[in-house]
Protein chains: 2
Amino acid sequence: MADMKTTIKSVSIDLFFKKGYFATSISDIAGGSGIQKASIYYHYASKEDLLFHILTSTMDDLTSALKQGLAAAQGIEQRMRAAVRSHVCFHLERQKENFIANAELRGLTADHYRSIVNKRDEYESIFQDLIRQGTDEGVFADVDVKILSYAILTLCTAGATWYNPNGRLTVDEIADIYENFIISGLKQGRFERPAGR
Amino acid sequence: MADMKTTIKSVSIDLFFKKGYFATSISDIAGGSGIQKASIYYHYASKEDLLFHILTSTMDDLTSALKQGLAAAQGIEQRMRAAVRSHVCFHLERQKENFIANAELRGLTADHYRSIVNKRDEYESIFQDLIRQGTDEGVFADVDVKILSYAILTLCTAGATWYNPNGRLTVDEIADIYENFIISGLKQGRFERPAGR
DNA sequence: CAAAGTTTACCGACCGGTCGTTAGGTAAAA
DNA sequence: TTTTACCTAACGACCGGTCGGTAAACTTTG
């Protein structure tokens, strides 16, 4: 019994994911929602407004999921593991929205673009702080913070591109693989040696 | 004194990169090339044909760069390092085309889409073979070949999204960072220990 | 409690504009 | 005389968005 505004949004997510924002017409969305295209404008001001709503809620949920995931974790390695896991799981569980969020930013007006990029920057900075802390503590190798944060984020983000919910691996299994890969890449050989240096 | 066909292609690459394939009109391309839009059709059969030409040449050059990079390298670790380096450098040096190749596949007809995806699969399989060989030889940890190959490729591909040619780091420096990060992630602690186990 | 007013959620018809593409023509080069 | 490389003009399709209207649901009021 979802209301029409929610239906329109979810139909749009499906279509934007499948065909892309520019290739999806208001008529397509209306047809998928079971109403006439003029009625879309009762619920959303414009096609771009609809895209902006999708991206905003996705980014907000993404960030709050990360903060929630970090709240419980202690110690820099465990915190980074929690962050990676949160990032991966969110992207795989809400694959379509995240795919759109990474592919259709160009559909936004300048103001809305800024708004979303600001949210993304805030999210990224959490990861960058974790990396910085890890290198300061000597747990991670002395890596380039910017590049490595991009690497970690795009790595997991890319999962939303190829992930198949009916595929061979579960979300948790994929998260395990990424977690180990990334932590190894951050440590770069700094594993606890049998004895002193 | 590039001929007009080449000019049109390179103007299209610039515009597809900046505004996206669907948001770029034939008029835009014609304007940027200094001719009328009808004249585009003397050189290319359609807008989609133009996109297909761009993607085909990009994929072909990408694969031959990889094969060339691998020809000189010996030993699985060195071969993987060479592969990563080739991939990173190609993506950063031909940033725009690679960005398009990863973002605009949806603009293709079914036949052309298949053609490009086949080329991409062939390219991926080279990386998958390298990973498989590395795990067989015990140089790399026992990782999931499919996922790790996607990880490696998307990692470097993402570079084409954020790379700034006038930025802080050179292509070679970025390639170094990725090379070490990826090799560490593949080895997952299997570094040569000071002495016997 | 019923009549009157107001709001909600939708519709069909239409608009100006842009799109990719084609037809037919032309002037210079081969 | 044919080919090359472009042009002007126009085509039909489709796009996002607006307009005026309407039936049903709520809210207010006598």
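All chains are named by letter (A, B, ...) in the order of the sequence lines, taking the proteins before the strands, and each is independently numbered beginning at 1. Because the structure is predicted, anything quoted here is derived from the model rather than measured.
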Would you check, one step at a time, whether the test side chain to side chain contact (heavy atoms under 4.5 Å, CB included) holds for A:Trp162 with B:Ile147?
-> CA-CA 10 Å; A:Trp162 55 257; B:Ile147 304 262; 3.4 Å; yes

What string of B, S and - do you get for nucleotides 18-30 of chain C, 5' to 3', when a contact is any protein heavy atom under 4.0 Å?
-> -SBBBB-------

Indicate, with yes or no, if the rings of B:Phe127 and B:His87 have centres closer together than 6.0 Å.
-> yes

Side chain proximity check, A:Tyr163 to A:His91, heavy atoms < 4.5 angstrom = no

Does B:Arg168 pair with A:Asp144 as a salt bridge, N-O distance under 4.0 Å?
-> yes

Length of the CG-P vector between A:Asp3 and C:dT8, whole Å | 14 Å

Is there side-chain contact between A:Phe140 and A:Met80, with heavy atoms separated by less than 4.5 Å?
-> yes

Heavy-atom distance under 4.5 Å between the side chains of A:Tyr21 and A:Ile100, does that happen here?
-> no

Can you find a pair of side-chain heavy atoms, one from A:Phe52 and one from A:Ser115, that are under 4.5 Å apart?
-> yes

Side-chain ion pair, A:Asp129 and A:Arg132, N-O less than 4.0 Å = yes

Rounded distance (nearest 0.5 Å) linking atom OG1 of B:Thr24 with atom CD of B:Glu104 = 8.0 Å

In residues 100-112 of chain A, which residues come under 4.0 Å of DNA chain C by heavy atom?
-> none

Would you tabulate the nitrogen or oxygen pairs shorter than 3.5 Å linking the protein to nucleotides 2-6 of chain D?
residue	atom	partner	partner atom	Å
D:dA5	OP2	B:Tyr42	OH	3.0
D:dC6	OP2	B:His43	NE2	2.9

List the steps, then state whether side-chain hydrogen bond (donor to acceptor under 3.5 Å, both in side chains) holds for A:Asp60 with A:Ser57.
-> CA-CA 5 Å; A:Asp60 287 347; A:Ser57 61; over 6 Å; no

